Structure formats: structure tokens, C-alpha cells
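Letters A, B, ... mirror the listed sequences (proteins, then strands); counts begin at 1. Computed from a prediction, not measured in an experiment: that's the story for all the values here.
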2 protein chains.
Amino acid sequence: MSRSNPRVLSTLERAGGFASAQEVYRLMQREGESIGLTTVYRSLQSLVNDKIVDVLRRDDGEAIYRLCGESHHHHLVCKSCGETVEIEGGAIEKWAQLIAEEHGFRDVGHTAEIFGICKKC
Amino acid sequence: MSRSNPRVLSTLERAGGFASAQEVYRLMQREGESIGLTTVYRSLQSLVNDKIVDVLRRDDGEAIYRLCGESHHHHLVCKSCGETVEIEGGAIEKWAQLIAEEHGFRDVGHTAEIFGICKKC
DNA sequence: ACGGTAATGAAAATCATTTTCATTTGTGAT
DNA sequence: ATCACAAATGAAAATGATTTTCATTACCGT
Ligand SMILES: [Mn+2]
Ligand SMILES: [Mn+2]
Ligand SMILES: [Zn+2]
Ligand SMILES: [Zn+2]
């Protein structure tokens, strides 16, 4: 196992939200940093193991990473124009946790999205 | 766009839980059915569009498919072994509707998944 | 039968991710 | 500083799922 290259973490921080390994790599290239794609993958995996970074999957299957501890939230998205509202989980957080515990699951996470047609559309 | 090959749906039914496209394909091969992998992919994709099957992603990123029941439901999935429990929306249905209305959205839908590690893993 | 459209599948292309492996770098002891 | 050894690095090749191409075949209405 290898330890995470600090420049990878720093780049992921700078990226803001979620970013894939490929995106982190391209970002570093663009900023003139010399690094191999392999090292980016290895570093991100290591950060996930250490629970410094969350990983989940895009619809297309690509893995995307983000720093843990950024506030957890969900999205309300307009199917027509794409306008997005960030919303707090509220009741859903408890619901997910409760359901999971009822079935004996641990290490619980969840995803939730609401979509519809916004006022303007 | 193509319509789903009925033998693909039939195989997915017979498979029981979730199965990937590759698995459905291998299953059909083993049972002597003559079909192309491309057709399996196309059929599953079509079934997803028609909301006859659910699709989600394994930890390794491979897409897995399963017949969905006729009633709207959500999933509690083990990240390790893939075991899946169907759960009722309950609180989340109201939550999604309420949040959407607060922001003036109509024609509201939602997605929600809970994941974690099951008892056996 | 004829003409057009949809379905099929083999092969090649794509693309993220992993593996290999040779090279470089860091560390710690002598 | 020199040596030895372990860890980190990255280029290139391998992997594996999914998509695309494209030529062939099955199907349907007239
Ligand atoms: Mn939440
Ligand atoms: Mn629901
Ligand atoms: Zn809108
Ligand atoms: Zn499990």
C-alpha cells in the first residue's frame, strides 16, 4: 500500500465538489504539476481507505471523490432547465439510518434526489 | 432504439436477484440460447427505459439489473455482497413532495437508495 | 414478391481502472 | 558519505465492461 500524495488531496480540495480520478489528473496537468495517472488513482484509493475522502459512482459508472465533511446535502433538480436547489436532508437522514439499522446494516450511507418541473418551466 | 428481446427478460426473471449484463449473457449461453452480447445490453437498456427493470451499480462499477415490483419502492443494498432489501418509501415520499412544493416544483419524482454493510459481511 | 424498417451480432473502438515492472526517491544504519 | 533496503512513482501494457460500427438477417405492410 502507498500513502497518499499530498498534492492529490490538495487538488481535490481546490476542485470544490466531486471529481473523478481522471478529472483530478487533468487538473494537475493543466496546472503544470508533474504526476502520473497511476499515482492519482493510488492516492485517491488511499484517501478513501483512510476515510478522508468519500467515493461514489456517477450514472455512467465513473468513480467520483470528494472530501468528507463537506456538508451533506441533496438536490432538487428541474427536469426541463436543469435548475438545481440544494436542500438539507432533514428527516431523510434519520429515515435512512433507521431503516438500515432495522435490517442489521452498519456503515450506512444514502443517496436521494428530487426532480420535477420548476416554476419557470 | 430497439425493443427488448423477450428471452433476455425471461432470463433475468429466472436469475432471481440482481444480474449484470455479462451474467445474463453467460446464463443464456450456458442454457444453449443463441444470442449476442450486444443484444443483451440493448435489451436491458430498453427495459430500464421502460422502467421494467431497476439498474444500479456494484462497488466495482458494473451495472446490475433486476425486475422491479409494480409498486414504487427503494433499495437497501449491501456494499460488500450486493444483498438487497426492498423498502417502502414511507417518510421519504412526503418529504420529497413537500420540499418540491415549497420551491414551486410540480410533476415531482425522486430517487433514494440506502447502502451499507449487511449482517453477514 | 418487393421495399423498407427494425433487430441482430461479430468485431472493433472506447474508456476507466488495474497490473506490471523498471526506475527513482527516501530513510536509516554504519 | 556510502550502502542497503523499502516505499513511491509512472510509463506502458493488460483488463474488462460498455458502446459503436456496420454488414447481415428477420419482419411487416403493400
Ligand atoms: Mn442525506
Ligand atoms: Mn419513493
Ligand atoms: Zn426548470
Ligand atoms: Zn453483505
Engineer: Please tell me if B:Asn5 has a side-chain N or O lying less than 4.0 Å from either OP1 or OP2 of C:dT8.
Structural biologist: yes
Engineer: If you link ILVMFWY side chains whenever their heavy atoms are less than 4.5 Å apart, which other residues fall into the same cluster as A:Leu27? By chain and number, please.
Structural biologist: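 Besides A:Leu27, the cluster holds no residue at all.
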Engineer: May I ask you to list the residues of residues 7-18 of chain A, by number, that have any heavy atom positioned under 4.0 Å from an atom of DNA chain C?
Structural biologist: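 Correct list: empty, so none.
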Engineer: May I have all residue pairs that pass salt bridge (charged side-chain N to carboxylate O under 4.0 Å, His left out) and include part of residues 42-56 of chain A, sequence neighbours excluded?
Structural biologist: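 Counting only pairs at least two positions apart or across chains, the salt bridge (charged side-chain N to carboxylate O under 4.0 Å, His left out) contacts touching residues 42-56 of chain A are A:Asp54-A:Arg66.
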Engineer: side-chain hydrogen bond (donor to acceptor under 3.5 Å, both in side chains) with A:His74: which of A:Glu86, A:Glu88, A:His110?
Structural biologist: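 Single pass found, and it is A:His110.
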Engineer: By the rule that ILVMFWY residues connect when side-chain heavy atoms come within less than 4.5 angstrom, directly or transitively, which residues belong alongside B:Leu9?
Structural biologist: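 Besides B:Leu9, the hydrophobic cluster comprises B:Val8, B:Leu12, B:Val24, B:Tyr25, B:Met28, B:Ile35, B:Leu37, B:Val40, B:Tyr41, B:Leu44, B:Leu47, B:Val48, B:Ile52, B:Val53, B:Val55, B:Tyr65, B:Leu67, listed by chain and residue number.
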Engineer: Within this structure, what is the CD1-OG1 distance for the pair B:Ile114 and B:Thr84, rounded to the nearest 0.5 Å?
Structural biologist: 12.0 Å
Engineer: Quick check on C:dT18: is either OP1 or OP2 less than 4.0 Å from any side-chain nitrogen or oxygen of A:Gln45?
Structural biologist: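 Answer is yes, contact under 4.0 Å.
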Engineer: For A:Asp60, check side chain to side chain contact (heavy atoms under 4.5 Å, CB included) against everything at least two apart and list the hits.
Structural biologist: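 A:Asp60 satisfies side chain to side chain contact (heavy atoms under 4.5 Å, CB included) with A:Arg58, A:Glu62 only.
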Engineer: Could you give the angle between the helix axes at the two ends of the helix from C:dA1-D:dT30 to C:dT30-D:dA1, with five pairs per end, rounded to 10 degrees?
Structural biologist: 20°
Engineer: Strictly by modelled atom types, are B:Gln97 and B:Glu93 linked by a side-chain donor-acceptor pair under 3.5 Å?
Structural biologist: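 No, no side-chain donor-acceptor pair sits under 3.5 Å.
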Engineer: Looking only at heavy atoms, what is the nearest atom pair of A:Asp107 and B:Ile117, with distance?
Structural biologist: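 Here A:Asp107 and B:Ile117 meet closest at CB-CG1, 3.8 Å.
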Engineer: Near DNA chain C, which residues from residues 20-43 of chain B have a heavy atom under 4.0 Å away?
Structural biologist: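 Output list: B:Ser34, B:Ile35, B:Gly36, B:Thr38, B:Thr39, B:Arg42.
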Engineer: Provide the full list of salt bridge (charged side-chain N to carboxylate O under 4.0 Å, His left out) pairs with a residue in residues 8-18 of chain A, sequence neighbours left out, each pair given once.
Structural biologist: A:Arg14-A:Glu31
Engineer: Using salt bridge (charged side-chain N to carboxylate O under 4.0 Å, His left out) as the criterion, list what pairs up with A:Glu33, not counting sequence neighbours.
Structural biologist: A:Arg7
Engineer: Does any residue of residues 52-63 of chain A have a heavy atom under 4.0 Å from DNA chain D, and if so, which ones, in number order?
Structural biologist: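 Under 4.0 Å from DNA chain D: no residue of residues 52-63 of chain A.
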Engineer: Nearest whole Å is fine: how far is C:dT5 P from B:Arg3 CZ?
Structural biologist: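 Whole-Å distance recorded here is 16 Å.
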Engineer: Do B:Glu83 and A:His103 pair up side chain to side chain, a donor and an acceptor below 3.5 Å, judged on atom types alone?
Structural biologist: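 Side-chain D/A pair, B:Glu83 to A:His103: absent.
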Engineer: Each residue besides B:Leu56 in its hydrophobic cluster should be listed here, by chain and number; the cluster joins Ile, Leu, Val, Met, Phe, Trp and Tyr at side-chain heavy-atom distances under 4.5 Å.
Structural biologist: B:Phe18, B:Ile64, B:Val77
Engineer: Taking side chain to side chain contact (heavy atoms under 4.5 Å, CB included) as the test, write out the residues that go with A:Thr111, two or more places apart.
Structural biologist: B:Glu113, B:Phe115
